[in-house]
Trainee: 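Provided herewith is a single structure, encoded as structure tokens, for subsequent inquiry.
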Amino acid sequence: MQQLCEQLLNGLNLGSVYALIALGYTMVYGIAKMLNFAHGDIIMVGAYTLLLSGSRFGLPWWASVLLCTVICCVLGVSIEKIAYKPLRSSSPLTVLITAIGVSYFLQSSALLIFGSNKQKVDSLIKIKGFTFYGINISGESIVTLSVTIIIMILLTLFIKKTKMGKAMLAVSEDKGAAQLMGVNVNSTISATFAIGSSLAAVAGILYMSSYGFVGPYTGSLPGIKAFVAAVLGGIGSIPGAMLGGILLGIIESMAKTYISTDLADAIVFGILIVVLLFRPTGLLGKKRMEKV
Amino acid sequence: MAKKQMTGSEKLILAQTQLKANLKKRKKTVFAVILGIAAFIICNVLISTGALGRQGSGLLVPICINIMLAVSLNLIVGFLGELSLGHAGFMSVGAYAGCLFTIHANLPTIIEFPLALIIGGLTAAVFGVIIGLPALRLNGDYLAIVTLAFGEIIRSIINSLDFTGGAGGLKGINKFSNFSVAYIAAMITIVVIVNLVNSRHGRAITAIRDNIISAEATGINVVFYKLLSFVIAAFFAGAAGVLYGHHLAILKPGTFDFNKSIEILVIVVLGGMGSIPGSIIAAIVITLLPEVLRDLSDYRMLIYSIALIVMMLSSSSTHLAELRMKIRKKLGLSGRKGVA
């Protein structure tokens with residue numbers, strides 16, 4: 001029972017990180033209709049920024065967080081401007097291959113700059129955990145969960161209440177019609193990438209505080225799993241990304257404990273295939289008619 | 001074009017141009033066959049005289065393997081127009097099936113090895129069907145991510161099984177792969193895929209690429225042709241895997257990761273999606289490049305990634321297309337079709 005609760009908490013912890021990354025995927029997919037393969041690698045860039053700012057230069061925690069977010073945000077927006085914007089009317093295949101190219105570019109640049117060895121990143125979270133009815137609750141879990149909840153509330157308010165949020169919804173619904181209504185599609189897409197990448201930076205910081213090591217390929221697997229989470233929840237749906245992320249995190253940590261560590265990834269990907277087979281729109285996704 | 005009734009002379013001209021096109025096609029085929037045989041003879045002469053050296057002849061089999069992988073992936077990416085990120089998965093299934101067969105069967109090599117190639121290919125093809133049936137209801141990004149997931153599932157399953165040797169790898173494989181076998185296998189791959197692409201079925205496949213909805217409306221069985229392309233591509237990827245296993249004499253699940261799939265994709269994209277000669281040339285260049293430019297080996301992946309991005313941007317950006325036309329005009333090259 002105690003182990004079950006601890007694993008559930010671990011799963012929630014991991015799942016919140018997945019949910020934050022999945023939000024970036026799902027927002028970009030909803031608005032730009034593209035799978036941003038490089039999204040996972042932005043986490044890696046965030047983690048390396050954290051390594052340099054926190055462990056090397058000894059900046060205070062709030063400065064590190066700010067620096068990470070700004071760098072990831074700028075990186076995300078510039079990737080969109082340089083690589084994806086010229087391809088807006090191209091076939092999905094072209095865009096996807098470009099995104100894979102960008103992802104590889106980030107990975108191999110990190111490999112050249114930092115080397116292939118994994119490096120230790122000091123956790124920013126200094127809060128002590130406590131024990132509750134014999135269940136250990138770590139400081140990392142408390143911070144991760146509360147940060148995720150706050151971000152999700154803020155994001156929902158942003159989408160519902162602000163002009164830019166409404167513009168995002170409009171563009172994701174129908175790009176052409178939104179443009180006719182006077183929505184600036186280009187700046188809306190840039191804003192989406194900015195928000196998605198900033199969320200990835202936060203996710204990277206939280207991921208690093210729990211796992212502690214960064215290498216050039218750190219971002220790719222959590223990135224792909226977060227995409228699975230986004231699909232599980234229904235791509236394009238923001239509550240779906242949250243739900244999918246948390247479910248996936250719990251499933252993964254349960255599979256690791258009770259089935260097999262080796263097969264945990266296979267189970268996660270198996271879920272993706274099963275979901276796409278029986279409910280391609282995900283748990284909370286809307287059905288979309290295919291128009292000719 | 002032909003709204004009004006064609007006159008007799010027009011019909012004659014049409015027939016003549018068709019005849020000319022057929023002749024041209026036949027000439028091309030004859031040229032390709034001669035080129036294929038000549039390359040085989042030249043390589044064999046170079047090996048037997050030792051002009052290539054040990055290192056050079058060691059690269060010939062990987063070149064053939066990469067040609068098989070690239071040409072088969074090109075069928076999916078270039079002609080069917082879907083992205084498969086699990087080609088390494090098909091390759092690994094085939095490799096393990098074929099290598100386990102040669103380890104456990106005690107037949108003479110001449111029978112055993114071709115049989116292993118076929119078994120490897122068929123096993124991969126079966127997996128092509130297994131993954132294909134659910135995945136092919138999807139398209140675009142979803143299909144790409146499912147093939148990726150499939151590749152990762154295969155890798156972790158092979159990693160955790162006992163009879164595959166687990167993470168330590170499968171050892172004790174005989175080194176059956178030599179240049180002749182690899183070359184013949186690569187040739188069979190090319191011939192089968194070229195003929196498929198130029199046939200009625202190939203036209204159905206390219207129709208699906210160009211517009212899936214109108215292809216379906218024309219009565220093309222989209223699911224069947226998608227499945228057919230996946231199965232054929234998987235078969236040759238599996239056979240290439242068997243060659244790979246019998247070339248290195250050891251198989252490790254880590255080799256067949258996502259990066260391997262991307263490497264094959266890089267070959268296809270660089271050679272030109274939908275161009276089989278392009279895939280062949282790119283496979284040769286990409287296999288040789290790291291050996292020739294050893295100093296640049298650290299930068300290999302960086303160069304690949306930049307090449308991917310630049311290729312995609314240049315192939316679909318209108319500005320660049322205009323620029324290319326201008327350069328062509330200045331150089332006096334008359335108009336080939338600029339935008340694909």
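What's counted below: heavy atoms across the whole structure, side chains too, no hydrogens, waters or symmetry copies. Lettering follows sequence order; numbering is per chain, from 1. Computed from a prediction, not measured in an experiment: that's the story for all the values here.
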Trainee: Is it true that atom NZ of A:K175 has more than 12 heavy atoms of other residues, nucleotides or ligands lying nearer than 6.0 Å?
Mentor: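 More than 12 heavy atoms, drawn from other residues, nucleotides or ligands, come within 6.0 Å of this atom.
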Trainee: Out of B:V77, B:N259, B:L308, B:V269, return the one with the most heavy atom pairs under 4.5 angstrom to chain A.
Mentor: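 Highest number of heavy-atom pairs under 4.5 Å: B:N259.
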Trainee: Once rounded to the nearest 0.5 Å, what's the spacing between atom CG of A:L263 and atom OG of B:S160?
Mentor: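 Between atom CG of A:L263 and atom OG of B:S160 there are 4.0 Å.
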Trainee: If you count heavy-atom pairs under 4.5 Å with chain A, which of B:L302, B:I306, B:I303, B:L265 comes out on top?
Mentor: B:L302
Trainee: If I take atom CG from residue A:L93 and atom CE from residue B:M273, how far apart are they, to the nearest 0.5 angstrom?
Mentor: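 Going from the CG atom of A:L93 to the CE atom of B:M273 covers 5.0 Å.
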Trainee: Please name the pair of heavy atoms, one in B:A149 and one in A:L272, separated by the smallest distance, quoted to 0.1 Å.
Mentor: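 Looking at all heavy atoms of both residues, the shortest contact is CB-CD2, 3.8 Å.
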Trainee: Contact between A:I100 and B:L83 at the side-chain level, heavy atoms closer than 4.5 Å - yes or no?
Mentor: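 The answer is yes, as the side chains (C-beta and beyond) meet within the 4.5 Å cut-off.
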Trainee: Check whether any side-chain heavy atom of B:M312 sits under 4.5 Å from a side-chain heavy atom of A:V95, and report yes or no.
Mentor: no
Trainee: Which answer fits B:M311, side chain, backbone, both or neither, if we ask what part of it has an atom under 4.5 Å from a heavy atom of chain A?
Mentor: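 Interface part for B:M311: neither.
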Trainee: Give a yes or no on this: more than 12 heavy atoms of other residues, nucleotides or ligands lie within 6.0 Å of atom CZ of A:F269.
Mentor: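 Above 12, so yes.
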Trainee: Can you tell if the side chain of A:F37 reaches within under 4.5 Å of the side chain of B:L85, non-hydrogen atoms only?
Mentor: yes
Trainee: Is there any residue in residues 102-112 of chain A with a non-hydrogen atom under 4.5 Å from a non-hydrogen atom of chain B, and which ones are they?
Mentor: A:V102, A:Y104, A:F105, A:S108, A:S109, A:L112
Trainee: Measure distances from B:L148 to the heavy atoms of chain A and classify the residue's part below 4.5 Å as side chain, backbone, both or neither.
Mentor: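 For B:L148, side-chain heavy atoms alone lie under 4.5 Å from chain A.
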Trainee: Is any side-chain heavy atom of A:I82 closer than 4.5 Å to a side-chain heavy atom of B:I309?
Mentor: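 In short, these two side chains do not touch, never coming nearer than 4.5 Å.
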Trainee: Is B:I157 in contact with chain A via its backbone, its side chain, both, or neither, using a 4.5 Å heavy-atom distance?
Mentor: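 Its backbone and side chain both get close to chain A.
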Trainee: Can you tell me how far OG1 of A:T98 sits from CG of B:L313, rounded to the nearest 0.5 angstrom?
Mentor: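 OG1 of A:T98 is found 5.5 Å from CG of B:L313.
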